[in-house]
K.L.:
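One structure coming up, written as structure tokens, with questions to follow.
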Amino acid sequence: MPRWPEDSRRRLVDAAISQFVDRGYAESTVENIALAAGVTPRTFFRYFADKEEVLFADDDELLPLLIGVIAEDTGPVRADVHMGKALGTLASTMESRRDLLKRRQRVIDSHIALSGRELAKQARWQKDVTTALIGRGFPPEQSDVLAAIGFALFRQCLHAWLADDEGPSLEARVSDALPGVRSVLDVRSSR
């Protein structure tokens, strides 16, 4: 039998976000989070280095998923197809986490340091996605631009989805936004 419950990590994430929303990020302590999750502070530190890291806990699952979709796609090397598959898979995975993501984003948006951490995470993701695109056969000089466009598109769709409870799904928003990116990329100079 394990020394701590199997779902401790997920319970810690849920408890932390609830604490951050209810008490405020600065006022929430590791001890309060652990207590709310039904574990000890020591268990908290088995999973997370600090309370900030809890907000970005899904990175461990989502980034490998995104990289895996890029690497495993055996179709022709086409930016629009790869971007659609990778971002669509990411969006589909995040759909069921909407409530948690909304609460998480409110916490991040309320603290400039957390917003900075979110941007740093996105920069790391962009670098890893760029590397995966190069490995998939995209030219190095275009891979970073493609990754940046993908992240900008996804971020815009994610924030719109989190703000609009009645609108289309995240996956539909990403799918609907892709043709707009294609049209921007296809613009030819009239000179």
K.L.:
Same hydrophobic cluster for L62 and L158, using side-chain heavy-atom links shorter than 4.5 Å among ILVMFWY?
P.N.:
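Same cluster: L62 reaches L158 through Ile, Leu, Val, Met, Phe, Trp or Tyr contacts under 4.5 Å.
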K.L.:
Take T93 and E61 through the test side-chain contact (heavy atoms from CB on, under 4.5 Å) and record every step on the way to the result.
P.N.:
CA-CA 10 Å; T93 301; E61 175 188 339; 4.1 Å; yes
K.L.:
Would you call R9-D14 a salt bridge at under 4.0 Å N-O?
P.N.:
no
K.L.:
To the nearest 0.5 angstrom, please state how far the CZ atom of F138 sits from the OG1 atom of T130.
P.N.:
11.5 Å
K.L.:
In Å, rounded to the nearest 0.5 Å, how long is the span from CG of L170 to CG of L87?
P.N.:
9.5 Å
K.L.:
Quick one: pull up CZ in F151 and CG in L119 and give me the separation to the nearest 0.5 Å.
P.N.:
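Rounded to the nearest 0.5 Å, the CZ-CG separation comes out at 12.0 Å.
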K.L.:
How close do A34 and L12 get, heavy atom to heavy atom, and via which atoms?
P.N.:
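Scanning both residues completely, I find the closest heavy atoms to be CA-CD2, 4.1 Å.
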K.L.:
Indicate yes or no for a side-chain donor-acceptor contact from S115 to the backbone of I108 under 3.5 Å, with no hydrogens or angles considered.
P.N.:
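It does hold such a pair.
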K.L.:
Do R106 and F20 come within less than 4.5 Å of each other through their side chains, counting heavy atoms only?
P.N.:
no
K.L.:
Tell me, with the steps shown, if S18 and R103 meet side chain to side chain donor-acceptor pair (under 3.5 Å).
P.N.:
CA-CA 8 Å; S18 291; R103 294 183 307 139; 3.2 Å; yes
K.L.:
Are any of the side-chain heavy atoms of N32 and E27 separated by less than 4.5 Å?
P.N.:
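They are not in side-chain contact.
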K.L.:
Can you name the closest pair of heavy atoms from A71 and R136 and give their distance?
P.N.:
O-CD, 4.4 Å
K.L.:
First locate atom CG of L153, then atom CD1 of I149, and finally report the distance between them rounded to the nearest 0.5 Å.
P.N.:
9.5 Å
K.L.:
Is there a donor-acceptor contact under 3.5 Å from the side chain of R97 to the main chain of D58?
P.N.:
no
K.L.:
Could you tell me whether a side-chain N or O of E53 sits under 3.5 Å from a main-chain N or O of A49, the two making a donor and an acceptor?
P.N.:
yes
K.L.:
Quick one: does V54's side chain get under 4.5 Å of Y47's, heavy atoms only?
P.N.:
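Counting from C-beta outward, V54 and Y47 never come under 4.5 Å.
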K.L.:
If you round to the nearest 0.5 Å, how far is CG of D109 from NE2 of H159?
P.N.:
6.5 Å
K.L.:
Using every non-hydrogen atom in the two residues, find where R11 and G38 come nearest and quote the distance to one decimal.
P.N.:
NH2-O, 3.6 Å
K.L.:
Does atom NZ of K121 have more than 12 heavy-atom neighbours from other groups under 6.0 Å away?
P.N.:
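Counting neighbours around NZ of K121, more than 12 heavy atoms of other residues, nucleotides or ligands fall under 6.0 Å, so yes.
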K.L.:
Which atom names give the shortest non-hydrogen contact between P168 and W161, and what distance separates them?
P.N.:
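Nearest heavy atoms, P168 then W161: O-CD1, 3.4 Å.
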K.L.:
For the hydrophobic clusters of this structure (ILVMFWY residues joined by side-chain heavy atoms under 4.5 Å, transitively), does one cluster hold both I67 and W125?
P.N.:
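As far as the 4.5 Å side-chain criterion goes, W125 and I67 are connected within one cluster.
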K.L.:
Any link between L90 and L101 through a network of hydrophobic side chains (Ile, Leu, Val, Met, Phe, Trp, Tyr) touching at under 4.5 Å?
P.N.:
yes
K.L.:
Main chain of S28, side chain of K51: is a donor-acceptor contact present, judged purely on distance under 3.5 Å?
P.N.:
yes
K.L.:
Indicate if V39 and V30 have the same hydrophobic cluster label, given that clusters are the connected sets of ILVMFWY residues with side-chain heavy-atom separations under 4.5 angstrom.
P.N.:
yes
K.L.:
Donor-acceptor check, side chain of R173 to backbone of C157, threshold 3.5 angstrom: yes or no?
P.N.:
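No.
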K.L.:
T89 versus L66: any side-chain heavy-atom pair under 4.5 Å?
P.N.:
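Counting from C-beta outward, T89 and L66 never come under 4.5 Å.
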K.L.:
For the residue pair D165 and R98, establish whether any side-chain heavy-atom pair is separated by less than 4.5 Å.
P.N.:
yes
K.L.:
Is there a donor-acceptor pair closer than 3.5 Å between any side-chain N or O of D164 and the backbone N or O of G167?
P.N.:
yes
K.L.:
Test of understanding: clusters of I, L, V, M, F, W, Y form through side-chain heavy atoms closer than 4.5 Å, transitively. Do V21 and F48 belong to the same one?
P.N.:
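V21 clusters together with F48.
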K.L.:
Return the set of residues passing side-chain hydrogen bond (donor to acceptor under 3.5 Å, both in side chains) with Q126 (not counting sequence neighbours), or none when no residue passes.
P.N.:
D144
K.L.:
Do V174 and E171 have side chains that approach each other closer than 4.5 Å (heavy atoms only, starting at C-beta)?
P.N.:
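The answer is no; the side chains never approach within 4.5 Å.
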K.L.:
Can you tell me how far CG of D128 sits from CG of L133, rounded to the nearest 0.5 angstrom?
P.N.:
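That separation rounds to 11.0 Å.
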K.L.:
Mind checking whether Q19 and Y25 have side chains closer than 4.5 Å, heavy atoms only?
P.N.:
no
K.L.:
State, with a plain yes or no, whether a side-chain heavy atom of M94 is found less than 4.5 Å away from one of L100.
P.N.:
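The answer is no; the side chains never approach within 4.5 Å.
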K.L.:
Should E118 and R155 be marked as a salt bridge (charged side-chain N to carboxylate O under 4.0 Å, His left out) after you check the CA-CA gap, both sets of side-chain angles, and the distance that decides it?
P.N.:
CA-CA 11 Å; E118 182 180 40; R155 182 178 167 88; 3.7 Å; yes
